[in-house]
Amino acid sequence: MHYRSREVVQVRSAYDCDVLVIGGGIVGLSTAYAVTRAAPGTRVTVLEKEQGPARHQTGRNSGVIHSGVYYRPGSLKARYAVRGAAEMIKFCAEYDIPHAVTGKLIVATEKAELPRLHALVQRGRENGIPVRELGPAQIAEAEPEVRGLAAIHVGTTGVCDYVAVARQLAEASGADIRYGADVVRIDRRPDLGAAVRTADGTIVRGRVLVNCAGLHCDETARLTGDDPGMRIVPFRGEYFTLARPELVRGLVYPVPDPAGSHFERRIRSFQPRRSRVTTGQGEALQRLWPKWGLDIDGQRTLDLAELFGADLPVVLEIGFGMGEATAQMAAEDQETGILAVDVHTPGQGNLLGLAERSGLNNIRVANGDAIILLREMLPPASLNGLRVYFPDPWPKKRHHKRRLIQPEFLDLAATRLKPGALVHCATDWEPYAEQMLEVLSAHRDFENTLPDGGFAPRPEFRPLTRFEGQGLDKGHVVNDLLFRRVQHRDQHAPDA
Ligand SMILES: Cc1cc2nc3c(=O)[nH]c(=O)nc-3n(C[C@H](O)[C@H](O)[C@H](O)COP(=O)(O)OP(=O)(O)OC[C@H]3O[C@@H](n4cnc5c(N)ncnc54)[C@H](O)[C@@H]3O)c2cc1C
């Protein structure tokens, strides 16, 4: 960056820095590094809300240096990944950061996967990546504990310590990096750059603002007054640690599924595991998922009669925890199908196991985003009920918009519920209960089943779980809400 005229120099001095970066993860820190390398002398400030770098995704990821083998040749992603992998390895070597180019094996275990595996060979080679094809004997040679019909070995994939990378980027950038600086306000003026305020009241002015706030970048964009047209929806994932790491030499992957959803599950099928998913849950997942599991891929409309193998009224339950209440309710009313959705893998395994042990055939377990399930996969007026028990309360004020029960969610749910369908919510977080009551009462498509309005007593059919019992013992207040989907005279019945 060069400042030629006095005028520009004067304007520059009004700023605390030239480039102001929000976020001290790898994207923010590498931005700072790249800017100071490309234009020495540029004053860069990075504001990071945590007390150190890489405390979020960057410090909690799998540490893989991806080769770019999956990306369409010539695409920006492919070029970035291939060049980025090489640069990352060079960076690690230059600064003595722990890393290893292990290569990775992509293994096909079923015939149906072979065409996709071969397409990857082609793709990898077009991207200039060294790819070798392996038969069963060569797989065993490369990874003695892995079995497969065929595999490919991708030579440039590696692993590294991304926390060390982030620290090094911070240091080598020469930027002014301020930790504990949580950006809470942004004032952006055309031609005048941006002024941001942090939670402790400090104002920092920059000529250019770069939003690298990771999973908060949508919120940060909104602080500038922009509508990013998207919302980041957090999911909880489960990760497994090999009890015997010596079982694998490098990285082992399945052939990617176009829907993307079986990827993890298949990997689990040949990884011994300990930790949060118990053996019983893992075994139930592996055995029962093909029968009773559903991956939410947004790709098809479900036929609920086909899914349940019978024409049952179906209730959608969003978020079932460990599934005890779900299994109990399914046992007590076997004439109703429960489509139970969650992203919590141990809970999914637990519920599948409970269903099998109780001889229940009226539970289906869906993995993924309930909104996509509702919007993309469920036909209009297909549900006889909706249950939301103890949803994430998102207690911090600025996260309230992430709460599930919002007017927009009710708009969508109303289209999928049959007239008369019951919406049953319960929460032990009182401010959320108040919010639910407010938005449900205000929505024209729902009416409170209690003639006088307000919260309902816990209905008999919702069992008291151990978790809830413990909460009640501690003095928590649990509020139930029972609303009904109403059909207005001016509304046509949704197309079934
Ligand atoms: C489970 C998992 C595994 C992954 N595995 C790999 C892998 O093996 N290889 C790979 O290449 N990629 C992997 N990724 C992806 C990779 O980790 C991310 O793409 C990358 O870390 C994103 O970096 P970031 O800087 O955008 O985000 P983050 O690392 O999340 O950094 C964003 C930063 O912004 C800060 N911030 C947010 N809001 C504010 C605010 N208002 N004020 C100040 N600071 C703020 C946060 O505190 C945070 O430090 C994985 C991701 C996940 C979640």
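Atoms within each ligand, like the ligands themselves, are counted from 1 in listed order.
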Within 4.0 Å of some non-hydrogen atom of Leu47, the atoms of ligand 1 are 43 (C), 44 (N)
Atom 48 (C) of ligand 1: of Arg60, Glu48, Arg55, the nearest heavy atom sits on Glu48
Candidate with minimal heavy-atom separation from atom 23 (O) of ligand 1, of Val46, Leu29, Thr31, Thr58: Thr58
For the student: nearest non-hydrogen atoms of Leu209 and Ala194, plus distance: CB-CB, 4.0 Å
Please determine if Ile26 has a nitrogen or oxygen closer than 3.5 Å to a nitrogen or oxygen of ligand 1. yes
What part of His216, side chain from CB on, backbone N/CA/C/O, both or neither, has a heavy atom under 4.0 Å from ligand 1? side chain
Looking only at distance, does Ile65 have an N or O less than 3.5 Å from an N or O of ligand 1? no
Check whether Tyr432 forms a cation-pi arrangement with Arg403 (NZ or CZ under 6.0 Å from the six-membered ring centre, at most 45° off the ring normal). yes
When you compare the side chains of Gln348 and Asp342, does any donor N or O come within less than 3.5 Å of an acceptor on the partner? no
If you apply the rule ring pair (Phe, Tyr, Trp, His ring centres under 6.0 Å), what do you find for Tyr33 with Phe91, and how did you get there? CA-CA 12 Å; Tyr33 176 81; Phe91 185 86; 5.5 Å; yes
Regarding Trp289 and Asp295, is there a side-chain donor-to-acceptor distance under 3.5 Å anywhere? yes
Out of all atoms in ligand 1, which are within 4.0 Å of some heavy atom of Gly214? Include the element for each. 26 (O), 27 (O), 32 (C)
Begin with the C-alpha distance, continue with both residues' side-chain angles, and end with the deciding distance and a verdict on side-chain hydrogen bond (donor to acceptor under 3.5 Å, both in side chains) for Glu50 and His56. CA-CA 9 Å; Glu50 304 297 348; His56 288 273; 2.7 Å; yes
Does Arg287 form a salt bridge (Lys or Arg N to Asp or Glu O under 4.0 Å) with Glu283? I'd like the steps, not just the answer. CA-CA 6 Å; Arg287 211 162 35 75; Glu283 192 273 331; 2.5 Å; yes
Ligand 1 and Lys49, any nitrogen or oxygen pair closer than 3.5 angstrom? yes
Numbering as shown, the atoms of ligand 1 that approach Gly23 to under 4.0 Å (heavy-atom distance): 33 (C), 34 (O), 35 (C)
Taking only non-hydrogen atoms of Tyr162 and a 4.0 Å limit, the atoms of ligand 1 in range are 11 (O)
N or O contact, Glu50 vs ligand 1, cut-off under 3.5 Å: no
At under 4.0 Å between heavy atoms, which part of Cys212 makes contact with ligand 1: side chain, backbone, both or neither? backbone
Per-residue contact class, His66 against ligand 1 - non-hydrogen pairs under 4.0 Å: side chain
Does Ala181 approach ligand 1 within less than 4.0 angstrom via side chain, backbone, both or neither, non-hydrogen atoms only? backbone
Is it true that Arg43 and Asp18 have a side-chain N and a carboxylate O under 4.0 angstrom from each other? yes
Go through ligand 1 atom by atom and flag the ones less than 4.0 Å from a non-hydrogen atom of Asp182. 40 (C), 41 (N), 42 (N)
Run the numbers for me: atoms of ligand 1, each under 4.0 Å from some heavy atom of Val64, listed by number. 7 (C), 8 (O), 9 (N), 10 (C), 11 (O)
Sub-3.5 Å N/O-N/O distance, Ile22 and ligand 1: no
Under 4.0 Å to a heavy atom of His56 - the qualifying atoms of ligand 1, by number: 30 (O), 46 (C), 47 (O), 48 (C), 49 (O)
Between Glu219 and Arg231, does any NZ, NE, NH1 or NH2 come within less than 4.0 Å of an OD or OE carboxylate oxygen? no
In this structure, are over 12 heavy atoms from other groups packed under 6.0 Å from Arg222 atom CZ? yes
Hey, is Asp187 close enough to Arg189 for a salt bridge, meaning N to O under 4.0 Å? yes
